[in-house]
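Here's the structure we're looking at; comments come further down.
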Amino acid sequence: MTQKVRKAVFPVAGLGTRFLPATKSMPKEMLTVVDKPVIQYAVEEALAAGIEEIIFVTGRGKSALENHFDKPYELSDALRKKGKMKELDMVENVLPENVRVYYTRQGAPLGLGHAVLCARGIVGNEPFALLLPDDIIYSNQGTMLKDMVDAYEETGCSQVMVQEVPTDRIKNYGILDPKGAEVKNGRVQAHAFVEKPKPEDAPSNLGVVGRYILSPRIFDFLEEKVVGAGGEIQLTDAMDKLIQEQDFYGFLLDGQRFDCGDKVGFQQANLFYALKDDYIGPRLREFLEQEHIKNELSKTA
Ligand code: UTP
């Protein structure tokens, strides 16, 4: 009988250098996509997958994020007095009452693998979901994370989300090696992982995106603190060791992933969610269809 996946780790200690100057004093996870901070999308996804405990691995300058998930007593009081009950609900109920939140700090940004290792004491000896909140996942089939949790609970095998990436972007990803096997019904067995290979050396075009369900055994490999690509302690390297002991599966993303740590991905996410919004969408389209706006945009294109 495999253990239930009850905990989710959110590493949020990165420096966000791709998003300067916005991230000079503002955590990138707090940048807003339409009307919610980026981090809230991933937290809601985890809750929809049945997660009960949330663990943030934070770093310097991330207090805005901690405040976001806390109760804002003064603001709540002011909203209550003004009778703004809808807004009160928005700020009071960012998290359901039964969900527990933990914070731990990564002293220095030594890499994603190191950030995950910092959560070991809180996760303990049980499987966990890992969500990189930079990635907003819009799934065509509800929540894929829930499917990944179910797959772990049925099989005890670690799971990772992958997407097909264009050749010129392979060098930015951890790549799954399926040993020539095809993706079937959206699943593929992983035989190895390679961090940021050159396109000519890449074993496939299946790039790892920021959703994982991991066996706690991963911590033993992270503990070795091997410095990998980019001088960082890489999660991909530990996954590559885990795979030699336990089966590991890739879940092909059925939907859209927005890399909100990147300026283009962030704007795409804003456009996508704004245009899908019942109130904002029609108004935004109307704005974009005005002749003088079209003229202006054609000049800068
Ligand atoms: P990224 O590499 O996308 O984040 O890491 P970054 O380092 O902030 O990005 P840039 O390149 O400087 O813009 C993926 C995730 O891992 C976390 C990040 O916060 C992000 O959620 N991370 C990364 C850590 O928590 N600690 C680290 O040492 C590195």
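Side chains of L95 and I54 form a contact here, defined as non-hydrogen atoms less than 4.5 Å apart. Considering only heavy atoms from C-beta on, R211 comes within 4.5 Å of D135 through its side chain. A 4.5 Å side-chain heavy-atom check between L65 and V12 finds at least one atom pair inside the cut-off. Between L117 and I233 the shortest side-chain heavy-atom distance does not fall below 4.5 Å. Inter-residue side-chain proximity for E53 and V99 is flagged as unmet; no heavy-atom pair is nearer than 4.5 Å. Residues I293 and F287 form a side-chain contact, since some pair of their non-hydrogen atoms from C-beta on lies under 4.5 Å apart. Side-chain contact between E232 and H114 is absent, with no heavy atoms from C-beta onward closer than 4.5 Å. Within the 4.5 Å cutoff, no side-chain heavy atoms of T236 are placed close to those of V208.
For F69 and F56, the distance between ring centers is under 6.0 angstrom. F272 has its ring centre less than 6.0 Å from the ring centre of Y138. For F266 and F258, the gap between ring centers reaches or exceeds 6.0 Å. Residues F128 and F219 place their aromatic rings such that the two centres sit under 6.0 Å apart.
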Show your working on salt bridge (charged side-chain N to carboxylate O under 4.0 Å, His left out) between K241 and E223 and close with a plain yes or no. CA-CA 12 Å; K241 290 180 183 153; E223 204 74 69; over 6 Å; no
Check against side chain to side chain donor-acceptor pair (under 3.5 Å), E286 and Q290: CA-CA 7 Å; E286 198 181 304; Q290 291 175 74; over 6 Å; no
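When hydrophobic clusters are built by joining Ile, Leu, Val, Met, Phe, Trp and Tyr residues whose side-chain heavy atoms come closer than 4.5 Å, directly or via intermediates, M161 is not grouped with V183. By the rule that hydrophobic residues join a cluster once side-chain heavy atoms approach within less than 4.5 Å of another member, I51 and L132 end up as members of separate clusters.
In this structure, Q267 contributes its side chain and C260 its backbone to no donor-acceptor pair below 3.5 Å. A donor-acceptor pair under 3.5 Å is formed between the side chain of R285 and the backbone N or O of L275. Between the side chain of S158 and the main chain of S215, a donor-acceptor pair closer than 3.5 Å is present.
Using a cutoff of 4.0 Å between basic side-chain nitrogens and carboxylate oxygens, R217 and D220 are scored as salt-bridged. Ion pair K82/E87 not flagged as a salt bridge, since none of the NZ, NE, NH1 or NH2 atoms sits closer than 4.0 Å to an Asp/Glu carboxylate oxygen. Using a cutoff of 4.0 Å between basic side-chain nitrogens and carboxylate oxygens, K146 and D150 are scored as salt-bridged. Between E289 and K294 there is no salt bridge, since no side-chain nitrogen of the basic residue lies less than 4.0 Å from a carboxylate oxygen of the acidic one. Using a cut-off of 4.0 Å between Lys/Arg side-chain N and Asp/Glu carboxylate O, K7 and E52 are scored as not salt-bridged. In summary, K62 and E29 engage in a salt bridge, as defined by a charged side-chain N under 4.0 Å from a carboxylate O.
The environment of CZ in R187 is crowded: more than 12 heavy-atom neighbours from other residues, nucleotides or ligands sit within 6.0 Å. Heavy-atom contacts from other residues, nucleotides or ligands closer than 6.0 Å to CZ of R60 number 12 or fewer.
The salt bridge (charged side-chain N to carboxylate O under 4.0 Å, His left out) analysis of residues 10-20, with sequence neighbours excluded, yields the pairs R18-D134, R18-D259.
Minimum heavy-atom separation, I243 to A192: CD1-N, 3.5 Å.
Under 3.5 Å, the side chains of T143 and E45 contain no donor-acceptor pair of N or O atoms. Using modelled atom types and a 3.5 Å distance limit, the side chains of H68 and Q40 yield a donor-acceptor pair.
Residues satisfying the side chain to side chain donor-acceptor pair (under 3.5 Å) test with D262, not counting sequence neighbours, are none.
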